[in-house]
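Naming: A, B, ... by sequence-line order, numbering from 1 per chain. Note that this is a predicted model, so its numbers are computed, not measured.
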Amino acid sequence: MGSNNITQTGHAVHAVDLHLHHEEQSFWRKYIFSTDHKVIGIQYGISSLLFLLFGFTLMMVMRWQLAYPGEPFPAMKFVLPFVVIGLIVILVSGFRPSLGTLVGVLLIGMGALVYFLGNGDERFPDGIMLPEYYNQLGAMHGTIMVFLGVVPLAVGAFGNYVMPLQIGAPDMAFPKLNMASYWVYFVGGIVMLYSFFIPGGSAQSGWTSYPPLSDITVPGFWGGQTFWLIGMVFLITSSLLGSVNFITTVLQLRAKGLTLMRFPFFVWAQFVTGFLLLLAFPPLEAAGVLQLMDRLAGTSFFLPSGLVVSGQIWPNSGGGNPLLWQHLFWFLAHPEVYVLILPAMGIVAEIITNNTRKPLWGYKSMVYSIIFLGFMSFIVWAHHMFLTGMGTAISSFFQTTTMIISIPSVIILSCLFISLYGGSIRFNTPMLFALAFLPMFGIGGLTGLPLGLSASDIPLHDTYYVIGHFHYVVAPGTIFALFAGIYYWFPKITGRTMNETMGKVHFWGSFVCMNVIFFPMLIQGLAGVSRRLYDGGQQYAHAQNVLYLNEVMSIGAWVMALFQLVFIINLFMSMRRGKKVESNHWEATTLDWSATSSPPIAHGNFAKLPEVYHGPYEYSLPGNGKDFAPQNEPMKA
Amino acid sequence: MEEFLNLPPDGSQHGPALDGLIGIVHWLMFALFFGWGIFYIFTLIRFRKSRNPKANYAGVKSHFSNYLEVSVLVIEVILLVGFSIPLWSKRVDAFPAEKDALRIHVVAEQFAWNIHYPGPDGKFGRRDIKLIDTDNPLGLDRTDQDAKDDITTINQLNLPVNKPVIIDLTTKDVIHSFNLPFYRAKHDAIPGTSIPIWFTPVKTTEQIREELRHGFSIAAAMKKVGKVVLPQMTKTSLRKGMDMRDQMIMQDVTDSSGSSLVAKGDHLNAENIERIIGAGMNEVSNRSVANLEKFVLMEEQKTGAGEMIAGKNEALTEDVVTKLAEAGVKEVTARQASYIDPFVVMEQYADKSGTQICAKGDPLTEELITKFAEAGMNEIVLAPATPTEIACAQLCGLGHYRMRGYVTVQTPEEFKAWYDQEESALNPPAGDATSGVPTDSTSTSAVQESQH
Amino acid sequence: MEIPYTVTPRPDSGLFNAKLGIWLFLASEVMLFGALFTTYILMRIGAPDWPHGELDVPLATVNTVVLITSSITMVMAWASLVMKDFKKYKMYIGLTFLAGVIFLIIKGFEYGHHISAGELPSSSTFLAIYFTMTGLHGLHVIGGMIVNGYFWGSGSKMWKTEPERFTNRIEVAGLYWHFVDLVWIFLFPVFYLL
Amino acid sequence: MEATTNIEEFKKHHVRKYIIVFVSLMGLTIVTVTVASFHLSVTTAIMVALLIAAIKGSLVASYFMHLISEKKMIFMTLILTVVFFAVLMGLPLFHHANPITIK
Ligand code: HEA
Ligand code: HEA
Ligand code: CUA
Ligand SMILES: [Cu+2]
C-alpha cells in the first residue's frame with residue numbers, strides 16, 4: 001500500500017506519536033480493516049476514484065453509440081488505454097508492493113472488465129450495441145457516478161480524512177462503525193458490479209428506477225434490477241452509518257474553543273450533509289424494500305390494477321401506485337443532489353480563502369445559507385414530477401420552494417465571488433480547479449431555474465437540457481471541486497506535492513472538454529431532444545438539426561479521458577517522486593494543517609489535542625506578523 | 001431571446017407564453033452570469049498575486065450583494081406569480097368547454113401510441129383489458145353501442161387546427177411521456193390513472209413544415225461519391241470452436257433429410273458452424289458482412305449474363321451485396337446516402353431545359369438527389385416529411401428511442417374528410433363484410449394527408 | 001489517543017457519544033418507518049376496500065403485552081445496573097431476550113397461519129404492506145435480540161472492568177429496544193384494529 | 001445516569017415511575033382493543049386508535065427512553081426529524097389532494 005511511502009516520509013513528531021500510543025499493528029489491521037479515519041478515508045478515496053473512472057468508461061462506451069449509432073463498437077480502442085495506463089502506474093510506482101502497484105493492477109483488471117462489457121452477444125451482437133444494453137449503461141453510469149463515485153469521494157474520503165483533523169478530533173467518534181461503513185459500501189459496490197455479469201445484465205431502468213418499468217423488465221430474482229436494489233440497500237446503510245458518525249463527531253469531538261461559528265466552512269458542509277444523508281436516505285431504503293417485495297414476493301406496491309404488458313395481462317393483485325416510488329425516490333434524491341454539491345462548496349471555500357490569503361467574505365451568511373439550503377432541500381422534491389399530474393396548488397408549492405432554495409445558492413456563490421476581491425490570488429492547480437468551479441456551478445445552477453418553474457419545465461422536462469443542467473453542477477462543478485481537493489490535500493496525506501505542470505495540463509484540458517461535452521446538451525435540450533435515447537434522437541424530426549452535436553460531445557468526452565490519464569499518472573508519480581514539503585505547505589490556518597505534522601497516519605492525529613482561539617480564516621490580519629494565523633495559536637493583535 | 005435559444009417552431013396557442021417565460025428566465029440567467037462573470041474576470045486579473053502581493057483583510061465593505069440577492073428574489077417572485085403559476089393554472093385548470101373541444105383518448109404502450117376517437121356520437125366505447133389482442137390493442141368492445149362508431153388508430157393523431165383538444169392520457173404498461181415538441185405539450189402517461197391535458201393547435205402540420213424549410217446542399221451530397229470495395233466470396237474450412245460472426249454464409253445448408261440447417265444470409269457464428277459441421281460439411285462459402293446500407297449505387301449493376309442486379313440509386317443492402325459478390329463484382333461507384341428521416345422537397349424544381357424534376361412536396365429520394373446533381377443544381381430547399389410528431393420523453397424500455405407517432409394537424413375540412421373516411425371504412429354504407437375492425441391508420445401517411 | 005466522551009458526557013452537550021449516536025440512528029429509523037406508514041396510507045386510500053378483522057387480534061394483543069413487558073424489563077435491566085445490582089440485571093436482560101423470543105414465536109404462528117391459508121404478500125396490497133412492515137419490524141426485533149443476547153452473555157464481562165461504560169451501553173441498547181416497542185405500538189392498531 | 005446517584009433515591013423516583021408507566025401502557029392496550037370492538041365509524045375509530053397509540057408512544061418515549069429529561073441537542077435533532085416525518089406523512093396528501101381534473 002502507498003501508505004508505506006507515507007510512513008517512510010513521516011516526520012519525527014509523528015514517529016514519536018506512533019511510539020507513544022501504539023504497538024505495531026499487523027498489516028491487515030493497519031491498512032485493510034483499519035479503524036483509523038485517515039486510512040478509511042484513503043480507502044474510500046481509492047475505491048471511489050476507481051468507480052468514477054469506471055462510470056466514466058461506461059459513458060464513453062455509450063457515447064460511441066450516440067455519435068455513431070449502429071456502427072460496430074471498437075472495443076479494443078477502449079481497453080488499450082486501461083492496460084497502458086495500468087502499466088504506467090505500476091512503472092511509476094516502482095514495481096514493488098505499494099498502493100500504486102495495486103491500483104495499476106486494478107486498472108488492468110478494469111481493462112479486462114471493459115473488454116467483457118464491450119463484447120458478447122447479449123450486449124454487442126455483431127459488434128453493434130443493443131438498445132437494452134444502452135439502457136443498462138445509462139442506468140449504471142448514473143448510479144455509479146452518484147452513489148459509488150461522487151458521494152463516497154466527497155463524504156467518505158474527504159469528510160473522513162479532513163473533517164476530524166479540522167475539528168481537532170483524535171478520530172471519528174465511532175471508529176468501528178466507520179470501518180463497517182466502508183466495508184458495507186464496498187459490498188454494495190461489488191453487488192452493483194456483479195450485476196453486469198448475470199443473465200439479462202444489470203439494471204436498465206435509469207438511475208431513477210421508475211416502476212412499473214423496473215418491476216417488469218427482467219422480472220424475478222435474477223434480474224439486474226434486483227441486484228441494483230440490494231446494492232442500494234447496502235449503499236444506503238453505509239451512508240446511514242457514516243452520517244451518524246459524522247454528526248456525532250462534529251458535535252462531540254470538536255476541540256476546545258472550536259465553537260460552531262469557528263468551524264471551517266468545510267466542516268459545516270459535512271455537518272449539514274450528514275443530516276441530509278441521515279434523514280433523506282431512509283425513505284429510499286423503504287422504497288427499495290418495497291420494490292424488492294414487488295420483484296421477489298410478487299406484491300403490487302407500485303403496480304396498479306389492469307396492467308397489460310406486451311399484450312398479456314400482468315399477473316398481480318394490482319392496487320399499487322407507481323407514483324409512490326417517484327415520491328419516495330425524489331424525497332431522497334433531491335437532498336442527495338445537495339449531498340453532491342455541499343462538500344464541493346466546502347472544499348472550494350477552503351481553497352479560495354487559502355489562495356486569496358484573506359478571510360471568507362460573509363462567513364456567517366454562508367453558514368446560515370447552507371443550513372437553510374439543507375433544510376429546504378427536503379421540500380422541493382416534486383419539482384422532478386411536475387408532469388405527473390399535478391394541479392395548480394401543489395405545483396405552485398413546489399415551484400415556490402424551488403425558487404426559494406436557489407437563493408441560498410446565490411448567496412453562497414456571491415460570497416465566494418466577493419471573497420476574491422482584494423485578495424492576493426495564487427493560481428496554483430487546486431486554486432484553478434476551485435476557481436473554475438464557480439462559473440461552472442453557476443451555469444448548472446442557473447439552468448436549474450427554468451426547470452424549477454413548472455410552466456417552462458413543460459418543454460424542457462426529460463430533455464437533454466436537464467442532462468446539461470445537472471452535469472454542469474456535478475461534473476465541472478463537483479468533480480472539479482474534488483480534483484481541487486485532491487491537489488490541495490495531497491501534501492497533507494503524503495508529505496509531497498503533486499506536479500504543477502501536469503496539474504495545469506489536466507486542468508485546462510478538462511476545463512475545455514467539459515464545456516465541449518456539456519454545453520451542446522443545453523442546445524439539444526432547448527431543441528427538445530429527449531434524454532435516454534439509444535440513437536441520440538435520429539428517429540425524430542425535431543432533433544435533426546442538432547444531431548451533429550452528438551459527435552462533438554463524444555469526441556469531447558474521449559479527449560477528456562486523455563487528460564484524466566495525465567492526472568492518474570501525476571497522482572501516482574507524485575506519491576513517490578513528488579517534492580517533499582513542509583507540513584503546513586499552503587500556510588493554512590485550519591487545524592488540519594497547523595496542528596498536526598504531515599502526514600499523520602495510524603491512530604492519533606495530534607501529539608496533544610489542540611485548542612482553538614479564533615475563527616478559521618484569519619489571513620492577512622493587519623499587525624499579525626505572518627499573513628496567516630493558525631486557529632490553534634492565539635492572535636497577537 | 002427565443003430565436004437565440006433556438007427553440008423549435010411552435011404551433012400551439014399557449015406555446016408563445018411558455019417560450020416567452022423560457023426567454024425571460026434566460027435573460028435573468030445571462031444577466032447574472034455575465035454580471036458576475038465580469039466581476040470575476042476583473043478580480044482575477046486585478047488581484048493576482050504579482051499585482052497585489054498583500055491581501056486586504058477586510059475585502060469588500062459595501063453591501064451591494066445584498067441588494068443583488070434581494071433583486072434576484074424579487075425577480076423570481078415575479079416569475080412565479082406573474083408567469084409560471086398562471087400559465088400552469090391555465091394548463092391544468094382552465095379546460096375548454098367540452099362542446100368546444102375535441103376529446104380524444106390516448107393509450108400508450110411499449111412502444112406505440114394508441115389513439116381512440118369517440119366517433120360521431122361523441123361517446124367512447126367500453127374498453128376492457130381482457131379483449132386486448134394484436135388486432136385490438138385498445139381492447140375496445142365493439143359490441144358496446146358506444147363503440148360502434150369509435151375510430152382507433154395507432155401512432156397517428158389527426159387534429160383539426162384552431163380547435164382545442166382534450167386528451168385523456170393513460171398507458172397500458174409502463175410510464176411513458178406524451179410529447180409534442182412542436183405543440184409544446186408534454187405529459188407523463190401513468191398506468192392506473194387517466195390524466196387530461198389540453199392544448200389548441202393553431203398551425204397545421206403544413207405550416208410547421210414551412211417553418212422548417214432549410215437548404216440542402218446537393219453539391220455536398222455528391223461529394224460523398226466514391227469507389228466502394230465490396231466483400232468477396234471465399235470458401236472457409238470449418239473447425240469446431242471457430243467463431244466467425246463477421247462472416248455471412250453464402251449458401252443454404254440442409255441436413256440429409258432436406259430440412260434447413262442454416263440459410264443463406266445467416267451469420268457464421270459458433271452455433272451455425274457447429275450445425276454445419278454436424279451435417280458433415282467442413283467447408284462453406286461465405287463473405288464478410290458488409291454493412292453498406294448507407295451507400296447508394298451511382299450506376300446500374302448487371303451480372304455477366306446481363307441480368308439486372310440493382311438499379312441506379314438503389315441502396316447497397318445485404319441482399320444486393322450478396323448478389324454482387326456472387327456476380328464477382330469487386331468494386332462499385334456509390335454515394336453515401338444523405339438522410340435518415342424522410343424529407344420532402346419544398347419547391348418545384350425544373351432542369352435547364354425546363355423539364356420538371358419534382359413537384360413541391362415530393363419526397364426526397366436518392367434518385368432525386370442524383371437527378372438534381374445531373375441537372376447541375378447546387379442547393380435545394382427541404383423540410384421534414386413528418387415534422388409534427390409524438391415523441392416519448394420518459395424511459396420506457398428498450399424501444400423508448402423509436403416510440404414515435406405522428407400528429408397531423410389539418411384544416412377543419414381536411415380533418416372532416418379524414419374523419420369521414422375512417423368512419424366509412426369502419427361502417428361502410430352498404431353491407432360490406434370486411435367491416436368491424438378499424439383500419440390501422442399508420443398507412444395513411446402524413447405526407448399524403450397534407451399534400452392533397 | 002483515546003476517543004473522548006465515550007463514557008463521561010461532554011460538558012457542553014451533556015451527552016456521551018453513543019447516546020447521541022443512537023438517537024441519530026433512531027431519527028433515521030423514524031424516517032424509515034415514516035416512509036412505510038405513508039405507503040400504508042396510500043395503499044389504503046387506493047384500495048377499493050380494506051379488509052377488517054382478517055388478522056388475529058387476540059394473538060397480536062398478547063404480542064403487544066409481551067413487547068411492552070419487554071420494555072419494562074429492559075428499563076429495569078438498566079436501572080439494576082445503575083443500582084449496582086448485576087444479578088438483577090442478568091435476570092432482567094434475560095427476560096427481555098425471552099420476551100423477544102416469545103414475540104417472534106407468536107408472530108411466526110401468525111405468519112404460518114396466513115401462508116397456509118394462501119394469504120400471501122402477493123394476494124393484496126393489504127397483505128403486502130402487512131407482511132412488509134411487520135416483517136421489517138421483526139427484523140428489528142431480531143437485531144435487538146442479538147444485541148441483548150450479547151449483553152446478557154459474553155458482553156456482560158465489561159461490567160467487571162468498566163461498569164460505567166457498560167451501563168451506558170445498556171442504556172443505548174435499551175433506547176433501541178424501546179423504539180422497536182414503540183413502532184409496534186403503532187403497527188398494532190394500524191393493522192389489527194383499523 | 002450519574003454514578004453518584006443514591007440508590008434508594010433512584011428506586012423511589014424512577015423505578016416507581018417505570019411501573020406506573022407500564023401499568024398505564026397495559027391499560028391503554030386493553031382500552032384500544034375494547035374500543036375497536038365497538039363498531040365506531042371508520043374516521044372515529046382511526047382517530048381514537050391513533051390517539052391512544054400516540055399516548056402510549058409518548059409514554060414510552062418520555063419515560064422508558066428518558067426523553068422527558070433529555071438534553072437540548074437531542075431535542076433539536078428530534079424536532080428536525082419530526083418536521084420531516086410530518087412532510088413524509090403529508091406525501092399522500094401531495095399526491096391525492098390536487099389532481100388534474102376537468103371541472
Ligand atoms: C449537485 C447536483 C445538483 C444541484 C446543486 C442542483 C441544483 C438545482 N436544481 Fe437540479 N438536478 C440535479 C442535480 C442538481 N441540481 C439532477 C441530478 C437532476 C436530474 C435527475 C434526473 O432526472 O435524472 C436535476 C434535475 C432538476 C430538476 C428537474 C428537471 C426535470 O426533470 O424536468 C429541477 C426542476 O426544478 C432542478 C432544479 C434545480 C434548482 C432550482 C437548483 C438550484 O439549487 C440551483 C441554485 C443555483 C443558482 C441559482 C446559481 C447561482 C448563480 C449565480 C449567483 C451567478 C453565477 C454567475 C457566474 C458563475 C459568473 N433540477
Ligand atoms: C455525479 C454524477 C455524474 C457525473 C460526474 C457524470 C459525468 C459524466 N456524464 Fe453523466 N449522468 C449522471 C450522473 C453523472 N454523470 C446521471 C445521474 C445520469 C442520468 C442517468 C439516467 O438517465 O438514468 C447521467 C446521464 C448521462 C448522459 C445521458 C445519457 C442518456 O440520457 O441517454 C450522458 C450523455 O452524454 C452523460 C455523460 C457524462 C459524461 C461525459 C461525464 C463526464 O463528466 C465524466 C467525467 C469523469 C471524470 C472526470 C472521472 C474522472 C475520474 C478519474 C480521472 C479517476 C482517476 C482514477 C484513479 C486515480 C484511480 N451522463
Ligand atoms: Cu414510451 Cu419512452
Ligand atoms: Cu431536485
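- The contact between B/R91 and chain A is made entirely by side chain atoms (from C-beta outward), counting heavy-atom distances below 4.5 Å.
- In this structure, A/E71 has no side chain to side chain donor-acceptor pair (under 3.5 Å) partners at least two apart in sequence or on a different chain.
- Of the two parts of A/L435, the backbone and the side chain both hold a non-hydrogen atom closer than 4.5 Å to a non-hydrogen atom of chain B.
- For the pair B/T193/B/I195, a side-chain contact is recorded, criterion being any heavy-atom separation below 4.5 Å from C-beta on.
- When heavy atoms are compared at a cutoff of 4.5 Å, B/H14 does not approach chain A at all.
- In terms of non-hydrogen atom pairs under 4.5 Å with chain B, the most contact-rich of A/N321, A/L533, A/L460, A/I216 is A/L533.
- Between chain A and the options B/P387, B/S89, B/G192, B/P191, heavy-atom pairs under 4.5 Å are most frequent for B/P191.
- Using a 3.5 Å distance cut-off with no hydrogens or angles, the side chains of A/Y617 and A/N354 do not pair a donor with an acceptor.
- Per-residue counts of heavy-atom pairs under 4.5 Å with chain A were compared for B/I190, B/V60, B/L87; the largest is that of B/V60.
- Residues A/Y472 and A/L522 have side chains in contact (heavy-atom distance under 4.5 Å, counting atoms from C-beta outward).
- Across A/V309, A/I523, A/I128, A/I458, the residue that shares the most heavy-atom pairs under 4.5 angstrom with chain B is A/I458.
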Applying side-chain hydrogen bond (donor to acceptor under 3.5 Å, both in side chains), run through A/T392 and B/D93 and close with a yes or a no. CA-CA 7 Å; A/T392 307; B/D93 292 332; 2.5 Å; yes

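- Only the side chain of B/N179 comes within contact range of chain A, with at least one heavy atom under 4.5 Å from a heavy atom of that chain.
- No side-chain heavy atom of A/R426 sits less than 4.5 Å from a side-chain heavy atom of A/M431.
- Both the backbone and the side chain of A/L526 come within less than 4.5 Å of a heavy atom in chain B.
- Pairs of residues two or more places apart, or lying in two chains, that qualify as side-chain hydrogen bond (donor to acceptor under 3.5 Å, both in side chains) and include a residue from residues 204-213 of chain A are A/T208-A/R532, A/S209-A/Q225, A/Y210-A/W330.
- Side-chain contact between B/Q247 and B/H267 is absent, with no heavy-atom pair separated by less than 4.5 Å.
- With A/Y534 contributing its side chain and A/M129 its backbone, the two residues share a donor-acceptor pair below 3.5 Å.
- With a 4.5 Å cut-off on non-hydrogen atoms, A/Q524 does not touch chain B at all.
- A 6.0 Å sphere centred on OH of B/Y67 holds no more than 12 heavy atoms belonging to other residues, nucleotides or ligands.
- In this structure, chain A has no heavy atom under 4.5 Å from any part of B/I45.
- Using a 30° and 60° split on the angle between ring planes, B/H26 and B/F30 fall in the tilted class, from 30° to 60°.
- In this structure, chain A has a heavy atom under 4.5 Å from the backbone of B/A58, while its side chain stays farther away.
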Step by step, would you call A/Y619 with B/Y57 a ring pair (Phe, Tyr, Trp, His ring centres under 6.0 Å)? CA-CA 7 Å; A/Y619 288 103; B/Y57 179 76; 9.7 Å; no

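- Of the listed residues (B/A391, B/S50, B/G59, B/G399), the one with the most heavy-atom contacts under 4.5 Å to chain A is B/A391.
- Looking at B/L5, the atoms closer than 4.5 Å to chain A (heavy atoms on both sides) sit in the backbone and in the side chain alike.
- Distance alone, capped at 3.5 Å, places no donor-acceptor pair between the B/K186 side chain and the B/P181 backbone.
- No other option in A/P439, A/G442, A/G528 has as many heavy-atom pairs under 4.5 Å with chain B as A/P439.
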Might you work through the side-chain hydrogen bond (donor to acceptor under 3.5 Å, both in side chains) test for B/R404 and B/T386, ending with a clear yes or no? CA-CA 11 Å; B/R404 181 182 188 219; B/T386 52; 3.1 Å; yes

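- Note on A/G138, A/G391, A/G362: by heavy-atom pairs under 4.5 Å with chain B, the leading option is A/G391.
- Contacts with chain B were tallied for A/P131, A/S214, A/P125; A/P131 has the most, counting heavy-atom pairs under 4.5 Å.
- Taking both residues in full, the closest heavy atoms of B/H400 and B/Q394 are given as ND1-O, 3.0 Å, listed atom of the first, atom of the second, then distance.
- Remark: A/N428 engages A/N355 in a side chain to side chain donor-acceptor pair (under 3.5 Å) (not counting sequence neighbours).
- Counting heavy-atom pairs under 4.5 Å between each of B/F47, B/F39, B/Y40 and chain A puts B/F47 at the top.
- With a 4.5 angstrom heavy-atom cutoff, A/P450 touches chain B via backbone and side-chain atoms both.
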Before giving the answer on side chain to side chain contact (heavy atoms under 4.5 Å, CB included), spell out for A/F441 and A/L413 the whole-Å C-alpha distance, their side-chain angles and the decisive distance to 0.1 Å. CA-CA 9 Å; A/F441 172 72; A/L413 220 59; 3.6 Å; yes

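- Under the 4.5 Å side-chain criterion, counting only non-hydrogen atoms from C-beta, A/T463 is not in contact with A/R531.
- The residue among B/K54, B/K90, B/H214, B/Q110 with the most heavy atom pairs within less than 4.5 Å of chain A is B/K54.
- Your options are A/Q399, A/H542, A/E618, and the one with the most heavy-atom pairs under 4.5 Å with chain B is A/H542.
- Interface with chain A: from residues 168-177 of chain B, residues B/K172, B/D173, B/V174, B/I175 qualify, criterion being any non-hydrogen pair under 4.5 Å.
- Neither the backbone nor the side chain of A/F397 comes within contact range of chain B; no heavy atom of the residue lies under 4.5 Å from a heavy atom of that chain.
- With a threshold of 4.5 angstrom between heavy atoms, A/S406 approaches chain B through side-chain atoms but not through N, CA, C or O.
- Per-residue heavy-atom pair counts under 4.5 Å with chain A were compared for B/N269, B/L44, B/L68, and the maximum is reached by B/L44.
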